[in-house]
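Structure first, commentary second.
Below, read A as the first sequence line, B as the second, and so on, with proteins coming before strands; counting in each chain starts at 1.
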Amino acid sequence: MYRLFLITIFSFFVSSNFIVANEDKEEARPEVRLAAAEKILLDSSNISLIYVEGLVCPSCAIGIRKNLSKMKVVDNTRFKDGIDMNPETQLVTIALKEGGVLNTKDLIECVEDAGYAAIEEYKLHDSHLDAHKFNHDASVKIVHHTKK
Amino acid sequence: MMPRWSGGWGYQVHYEFINETDLLMGSNKLYPGLSEEINVMHFEGVYTWKKEIRIIAKLPYVLSAEREMPDGSGGKLIQKDSGWGDLNLGLPLKKYFNLDGKSGSWTFKPMVRIPLSKKDEYDFYYKEFGVGLGFGHEFETANFFFGFGSAWWIFDGNRPAEIHSSLDFGYNFETKNSNGSIFWETDLHFEDDESRTLGSGPAFYFNHNDTIHSRIEWKHDIIDHQGILDHGNGNHFKVGIGWVF
């Protein structure tokens with residue numbers, strides 16, 4: 001039994017080497033999310049950026065990637081199967097093929113089917129970070145978040 | 001890990017080692033040093049039909065179980081067991097909630113336990129039909145996890161009714177390409193013959209990729225009170241790997 005105890009302690013010691021990447025982790029806050037959204041949109045092209053409420057656990061949210069990566073407009077060669085999920089900001093970045101446009105209804109369904117809620121999509125428009133809020137009927141309401 | 005998405009399914013295999021060091025009556029070591037040692041493989045499968053409804057099946061296989069009992073003349077008698085345990089089927093019904101920075105669920109779970117073999121002199125598993133009802137609540141943030149649950153069981157034969165409760169805290173971490181959690185888990189097991197056991201210990205979960213997950217845990221019985229002459233003061237060690245699709 002003593003040997004098992006030592007194995008368990010050793011396993012935890014080994015696992016602690018993986019934890020280093022966690023040091024700067026922050027709980028999700030709206031201002032953190034919006035700043036992150038703006039940076040992602042400035043740095044990337046051909047993407048769709050979605051705020052998924054409740055996306056705090058990457059293991060539980062695997063279904064989001066599985067569902068979204070099946071969409072025809074998703075470029076599966078970028079990120080991980082075309083999808084990047086950030087549990088601190090709850091942002092999902094979807095890599096799109098050249099000229100690809102996501103169907104809002106399909107997007108909402110894919111996320112809901114995975115057990116989460118797609119709240120809004122972020123876009124840079126002129127000097128604003130716009131949030132396109134999803135309604136139940138898949139229509140969107142545009143909200144201007146920031147002015148540069 | 002249970003797939004949260006509709007149409008998700010998975011299976012896992014884990015090995016469990018249990019060592020109970022004393023034969024107890026109440027909290028007293030009536031026969032200290034008469035031990036019980038069990039090696040079990042657990043085979044588990046899950047299918048998530050819709051995110052609110054899933055079915056789970058658990059089937060244990062006892063690789064070897066051995067216990068020492070008093071022979072009535074000052075010596076000890078060794079009894080052994082091996083083979084399939086009881087099939088456990090559950091139908092968890094989930095209600096998920098998503099908030100800004102937090103996600104969780106409420107669970108209601110009807111269960112049945114089906115014996116797959118006949119009783120003999122020593123059985124590690126109950127080998128009696130049983131029905132159970134469980135409920136649970138859990139939530140997590142990007143950093144922390146909290147969960148509790150309880151399940152009640154009644155059986156068709158002589159086995160007393162049981163309540164199992166658990167309280168788990170966890171810390172979530174990320175690696176460059178994946179993530180995992182470190183938990184502190186506490187289990188309370190109560191039987192209607194006044195047996196009660198409180199076990200507690202750490203667990204480590206790691207998500208190797210979107211498909212493969214593994215887990216290792218160890219628990220020690222902090223409080224062990226047996227309503228009938230039975231083994232106690234145990235250590236439980238589990239290590240397992242699972243796949244989800």
Kindly give the heavy-atom pair with the smallest separation between [X] and [Y], and that separation in Å.
X         : Y         : result
Ala142(B) : Pro87(A)  : CB-O, 3.7 Å
Gly54(A)  : Ser103(B) : O-CB, 3.1 Å
Lys66(A)  : Trp5(B)   : CE-CZ2, 3.5 Å

[X] atom [atom1]: more than 12 heavy-atom contacts under 6.0 Å:
X         : atom1 : answer
Trp243(B) : CH2   : yes
Lys97(A)  : NZ    : yes
Tyr31(B)  : OH    : no
Glu98(A)  : CD    : no
Lys80(A)  : NZ    : yes

**OP:** Evaluate the criterion side-chain contact (heavy atoms from CB on, under 4.5 Å) for residue pair His213(B) and Ile62(A); output intermediate values, then yes/no.
**Re:** CA-CA 12 Å; His213(B) 311 253; Ile62(A) 288 169; 3.8 Å; yes
Original post:
Among residues 112-119 of chain A, which ones touch chain B with a heavy-atom distance under 4.5 Å?
Top reply: Glu112(A), Asp113(A), Ala114(A), Gly115(A), Tyr116(A), Ala117(A)
Original post:
Can you tell me how far CD of Glu138(B) sits from SG of Cys57(A), rounded to the nearest 0.5 angstrom?
Top reply: 9.0 Å
Original post:
Could you state the interatomic distance from OH (Tyr96(B)) to SG (Cys60(A)), rounded to the nearest 0.5 Å?
Top reply: 8.0 Å
**OP:** Could you walk me through whether Asp100(B) and Tyr51(A) pass side-chain contact (heavy atoms from CB on, under 4.5 Å), step by step?
**Re:** CA-CA 10 Å; Asp100(B) 191 359; Tyr51(A) 162 36; 3.2 Å; yes
For chain A, the option from [options] that forms the most heavy-atom pairs under 4.5 Å:
options                         : value
Glu52(B), Arg4(B), Lys51(B)     : Arg4(B)
Asn98(B), Leu99(B), Val239(B)   : Asn98(B)
Thr21(B), Thr211(B), Asn179(B)  : Asn179(B)
His220(B), Glu140(B), Lys102(B) : Glu140(B)

Subject >> Side chains of Ser59(A) and Tyr205(B) in contact at under 4.5 Å (non-hydrogen atoms) >> reply: yes
